[in-house]
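Here's the structure we're looking at; comments come further down.
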Amino acid sequence: MNKSDVINLILKDRKNTPKTHSTAKFAPSNIALIKYWGKRDNILNLPMTDSLSLSLGNKGATTSIEIIDKENDEFYLNNEIQNADSPFSLRLSAYLDLFRFKEEHYRVRTQLNIPLAAGLASSACGFAALVLALNDLYAWELSLSELSILARLGSGSACRSLYKGFAWWQKGIHANGMDSYAIPLETEWPELRIGLLIVDGSKKLIDSRSAMERTVKTSQLYAMWAHQVAHDFIVLNEAILDKDFVRLGEVSEHNALSMHATMISAWPPIVYSNADTVNAMHAIWELRKQGLELYFTQDAGPNLKLLFLEKDSAVVKEHFPGVEIID
Ligand code: DP6
């Protein structure tokens, strides 16, 4: 089964005449508290395990799309035109190939209001916003689960970027992935805060797609990952229902470090942390010893995302002046 087969299953006999000439949509970025790491299908981005994320509210991507009367697509990122052979353009263009019903070409503008630094899930909100914009452009009127599946075909974590608050990506069991999409959790937790701690804004050493593949293939620890996720899921769900921040912090930090442990044990090893990352971890652990309820999570890059409650925002800012707190 390939991506086009899935798209045919979703769009069925919808007419693909554009309803409008251009449209723009916003999707928030998301940070996984229980990570997606490893695929059971590399083409459809079907994950080995469930994952659970928190959205970054109004931080994310606004993507506009319009049909243009040209021979090629045009891509802009933060108002800058991108070279046709850049990884950004190639990835978007390959995704749009799945939807070119009358060989039309598009101008796509992606505007991010989050730092374009390593590991801040800009592809997740970018693909989610693009899918919402395509849905509007062609007036498909798809359900959120169908839109989530389309976003997943662009980037796995994008399927969680359609919602505010917590999103649960159910891995599904079917080979076509029609049961692998994200749904929102009902619980709202407005006091929860995420702080972006950029220790290094340069490009990732290895992209998450290749890093996942290498981990699944070569890490002996990967066999334990599914067990860890199953356990963490139960704990995190309880913590969310009880609004127990310490449990949420502990299980999220433990989950992120366990994911990184599977990568460090891959071969060749994958180490996203640098010295500043590890120093920041020690600083967090020291502050915790002193009674501050501060935890972190880390994705496929050296930067940390701090987890804390609103009441501690000022103290966190005092200790990490460079932190960008998402309200
Ligand atoms: C560490 O969604 O970027 O951020 O499906 O290959 O596009 P692809 O991978 P991607 O991986 C995200 C990995 C992660 C964990 C997470 O967000 O759950």
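Ligands are counted one by one from 1 in listed order, and the atoms in each one are counted from 1 as well. Side chains are part of it too, since the values below use all heavy atoms of this structure and drop only hydrogens, waters and symmetry mates.
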- [ ] Answer yes or no: is there a donor N or O on one side and an acceptor on the other, between the side chain of S313 and the main chain of E310, under 3.5 Å?
- [x] yes
TODO: Return yes if a side-chain donor-acceptor contact under 3.5 Å exists between Q298 and S273, otherwise no.
DONE: yes
- [ ] Using modelled atom types only, decide if a donor and an acceptor are shared between the side chain of D73 and the backbone of R107 within a distance under 3.5 Å.
- [x] no
- [ ] Could you tell me whether some N/O pair between S157 and ligand 1 is separated by less than 3.5 angstrom?
- [x] yes
Task: Sequence neighbours excluded, every pair satisfying ring-ring contact (aromatic ring centres under 6.0 Å, His included) that has a member inside residues 18-77 - done: Y36-W169
TODO: Examine the side chains of S219 and S265 and answer whether a donor and an acceptor come within less than 3.5 Å of each other.
DONE: yes
TODO: Keeping the roles fixed (side chain from R152, backbone from S180), state whether a donor-acceptor pair exists under 3.5 Å.
DONE: yes
Open item on the list: I'd like to know if the side chain of S53 pairs up with that of K35 as donor and acceptor (distance under 3.5 Å, no hydrogens or angles considered).
Closed with: no
Open item on the list: Need the ligand 1 atom indices (1-based, order shown) with element for anything under 4.0 Å from a heavy-atom of A32.
Closed with: 16 (C), 17 (O), 18 (O)
Task: Sub-4.0 Å atoms of ligand 1 with respect to non-hydrogen atoms of R91 - done: 7 (O)
TODO: Just go through Q298, R160, E213, M259 and tell me whose heavy atom is the nearest to atom 17 (O) of ligand 1.
DONE: R160
Task: Geometric N/O contact S155 with ligand 1, under 3.5 angstrom - done: yes
Task: Option of least heavy-atom distance to atom 11 (O) of ligand 1 (set: K39, M263, M212) - done: M212
Open item on the list: Looking only at the side chains, is there a donor atom on one of S145 and S148 sitting less than 3.5 Å from an acceptor on the other?
Closed with: no
Open item on the list: With a 4.0 Å cut-off on heavy atoms, is S208 in contact with ligand 1?
Closed with: yes
Open item on the list: I want to confirm something. Looking only at heavy atoms, which of Y36, Y272, W169, F127 is nearest to atom 18 (O) of ligand 1?
Closed with: Y36
- [ ] For A300 and ligand 1, answer yes if some heavy atom of the residue is under 4.0 Å from a ligand atom, otherwise no.
- [x] yes
- [ ] Go through ligand 1 atom by atom and flag the ones less than 4.0 Å from a non-hydrogen atom of R209.
- [x] 6 (O)
Task: Region of R152 engaging ligand 1 - heavy atom pairs below 4.0 Å - done: neither
TODO: Please identify which atoms of ligand 1 are closer than 4.0 Å to at least one heavy atom of G156.
DONE: 2 (O), 5 (O), 7 (O), 8 (P)
